[in-house]
Amino acid sequence: MLFSKAFIPSRRETPVDAEIPSHRLMIRSGMLRKTGSGIYSYLPLAKRVITKIESIVRQELNKIGCEEMLMPVLQPRQIWEKSGRWQIYGPELMRLQDRHDRFFALGPTHEEVITLIAKYDIKSYKQLPINLYQIQTKFRDEIRPRFGVMRSREFIMKDAYSFHKNAESLQKTYGEMFDAYSRIFKRCGLKFVPVEADVGAIGGSSSHEFMVLAETGESEVISCECGYAATKENCKIKKLENKQEKLAEVEKVYTPKKKTVEEVSNFLKVEKNKIIKTIIYKSDDKIVAILIRGDREINDVKVANFFASINLEFATDNEIAAKMNSVAGFVGPVGEKEVQIYADANLQDAVNMVTGADEKDYHYKNVNLKRDVNVTEFVDFVLAKAGDACPKCGKSMNSFRGIEVGQVFKLGRSYSKKMGSTFTDENGKEVPYEMGCYGIGITRTMASAIEQGYDKYGIIWPITIAPYEVELLNLSTNNKKLTAYCDKLYENLKKKGLEILYDDRDIQAGVKFNDADLIGIPLQIIVGNRNFKKDIVEMKLRRDNQKRKVQIDNIEKEVKALISELFREIEE
Ligand code: ATP
Ligand code: MG
């Protein structure tokens with residue numbers, strides 16, 4: 001491509017609303033333009049990157065027997081009613097009406113559509129397993145679209161759905177998809193970690209997220225050197241230790257105006273880990289009490305999952321007073337009969353604890369859950385943090401930030417049951433399929449490659465997804481001989497199958513250098529007057545910015561070899 005003919009509207013200014021490097025650099029390098037809040041146009045450079053990521057995805061999925069299809073973006077409300085998600089998806093689902101006042105959703109994912117297709121057209125175990133995917137624009141009315149295409153309201157996703165006769169078959173495909181995802185992100189040149197993830201609103205039994213390591217990532221991942229890694233929301237920890245001592249008698253103590261764990265701990269001179277916090281939640285319409293050790297936080301996601309809550313919030317002071325006959329700030333579990341009490345599993349062997357006494361300005365000391373409290377169930381509710389011991393090996397865990405670029409889910413039978421999608425098994429019985437679903441954010445993957453590859457001058461693309469492989473800079477377009485050489489080199493390299501952007505513009509060399517570094521094509525060939533007179537051109541790898549002199553006669557061979565080497569580094 002000739003730069004003079006290309007649409008690459010680079011800019012010097014940094015856009016004011018761009019908070020992270022990938023967003024800034026995509027705007028500045030002329031890849032991306034904002035059309036509305038969370039809505040973007042992908043200009044030619046971005047489109048080339050997207051096409052490359054998509055083609056890696058296609059190759060790896062086709063290799064394991066997936067088939068590509070395309071489903072509608074516009075989906076009638078009725079099918080969303082069938083799965084129950086018209087109600088539970090919430091405001092993120094883009095809804096609209098047609099001229100006949102019928103409601104529709106713009107697809108945020110396609111479980112409903114595909115499960116209904118399967119219902120009518122996959123009728124026998126003999127047709128299973130089947131794994132279908134599409135690459136398509138998705139819509140989510142994100143509460144806070146931000147970071148450019150990292151969290152936008154319209155974005156490109158690859159979504160795949162698999163159908164199985166039993167759980168073993170699902171497990172096999174899940175494993176194959178997991179491996180295909182690992183190859184896809186490796187081939188995109190990314191540093192990533194698969195982590196155990198929350199199953200969230202989609203439901204199902206197990207899930208992994210693929211996290212690209214980056215400081216600007218919105219997710220916190222907790223991981224151990226033994227290989228265990230999970231999102232903070234989903235992380236398990238080795239059980240916390242509680243100091244053991246002889247059980248003492250419950251004692252009511254005066255704690256004037258001391259409400260928080262901090263205040264009570266200081267006032268009574270007890271460690272925070274000897275205090276029990278009683279937190280009252282309202283899960284949909286049900287009030288429940290959750291107990292957690294005073295030095296720890298509750299993980300709301302674990303709570304919402306345990307109660308299968310659509311809406312989880314804290315109970316109000318009035319609700320606490322009415323339902324529990326208690327006082328906010330002094331709520332405790334002793335003698336509670338109205339409200340069910342669930343305790344974090346780490347409290348199971350805790351002894352002689354401090355709790356609220358359900359009376360203004362009073363707490364109890366020496367509360368023992370087994371003796372004094374009617375605990376319905378001990379459940380893992382604790383929010384993990386760096387430094388906690390690994391649930392697998394016991395070593396101290398670390399935390400890091402990550403960008404979720406893909407997720408694999410075992411859905412099990414949750415959708416097929418709700419939507420009545422069944423097949424006839426070997427015994428002639430109608431049974432719902434086991435299903436899996438698998439997403440990759442194509443446009444988010446593009447942005448995350450920039451989060452991992454940039455410097456103060458601009459983007460540094462991995463060769464496998466770079467918009468072009470080589471940029472040729474003609475620094476002296478008014479030198480006829482030099483220009484004729486560049487034109488020829490451009491044609492020859494193209495013939496060798498290289499993707500090359502040729503900066504043939506009649507502008508200052510400095511602008512060309514800046515643009516080349518900003519756009520971030522992995523290899524630059526720089527042809528300038530002084531070197532050219534000595535039959536020399538320069539090569540520069542964008543990632544180290546070191547220039548190397550090369551004899552004109554050798555340049556084609558060297559470029560070809562270097563590009564092959566860059567591919568080998570990533571793909572082998
Ligand atoms: P997040 O937790 O970041 O909101 P999600 O878990 O809701 O994402 P999935 O339903 O798993 O997303 O969608 C599959 C993939 O689509 C994600 O792994 C991510 O790469 C991409 N994706 C999801 N939401 C967005 C968005 N708003 N903008 C860009 N990409 C997105
Ligand atoms: Mg996800």
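For ligands, and for the atoms within them, numbers begin at 1 and follow the listed sequence. No hydrogens, no waters, no symmetry mates; every other heavy atom, side chains included, goes into these values.
Within a 6.0 Å radius of OH in Y454, other residues, nucleotides and ligands contribute 12 heavy atoms or fewer. In K63, the NZ atom is crowded: over 12 heavy atoms of neighbouring residues, nucleotides or ligands sit closer than 6.0 Å. A 6.0 Å sphere centred on NZ of K232 holds more than 12 heavy atoms belonging to other residues, nucleotides or ligands. Heavy atoms from other residues, nucleotides or ligands lying under 6.0 Å from CD of E215 number 12 at most.
Closest non-hydrogen pair, W80 versus S83, comes out as O-OG, 3.3 Å.
Using a 4.0 Å cutoff on heavy atoms, K138 does not count as a contact of ligand 1. Close to ligand 1: V149, with a non-hydrogen atom less than 4.0 angstrom away.
Checked against a 3.5 angstrom limit, the closest N/O atoms of E404 and ligand 1 fall inside it. Checked by distance only, ligand 1 and I440 stay at 3.5 Å or farther apart across all their nitrogen or oxygen atoms. Here's the thing with M157: none of its N/O atoms is less than 3.5 angstrom from an N/O atom of ligand 1. Note: an N/O pair closer than 3.5 Å links S152 and ligand 1 by distance alone. Between R444 and ligand 1, at least one N/O pair is under 3.5 Å apart.
Tested against F163 for a ring pair (Phe, Tyr, Trp, His ring centres under 6.0 Å), the candidates Y433, F423, Y125 yield a single pass: Y433.
Under the 4.0 Å criterion applied to side-chain N and carboxylate O atoms, R542 and D455 are assigned as salt-bridge partners.
Every atom of ligand 1 with a heavy atom of M150 under 4.0 Å away is listed here by number and element: 28 (N), 29 (C), 30 (N). Close approach of ligand 1 to V405 (heavy-atom distance below 4.0 Å) involves ligand atoms 18 (O), 20 (O). Under a 4.0 Å criterion applied to the non-hydrogen atoms of E142, ligand 1 contributes the atoms 24 (N), 26 (C), 27 (N). The contact set between ligand 1 and G406, taken as ligand atoms under 4.0 Å from a residue heavy atom, comprises 18 (O).
Aromatic pair Y281/F307: centroids not less than 6.0 angstrom apart. Two rings, from F409 and Y438, have their centers 6.0 Å or more apart.
Taking the six-membered ring where the residue is Trp, F178 and F210 present tilted rings, their angle falling between 30° and 60°.
Here S207 fails the criterion, with no N, O or S atom under 2.8 Å of the Mg ion (ligand 2). Between the Mg ion (ligand 2) and E404 there is an N/O/S contact shorter than 2.8 Å.
Contacts with ligand 1 closer than 4.0 Å are made by no heavy atom of D159, backbone or side chain. Counting heavy atoms closer than 4.0 Å to ligand 1, residue R140 contributes side-chain atoms (C-beta onward) but none from N, CA, C or O.
Counting only non-hydrogen atoms, the option in F155, F147, Y438 that gets closest to atom 26 (C) of ligand 1 is F155.
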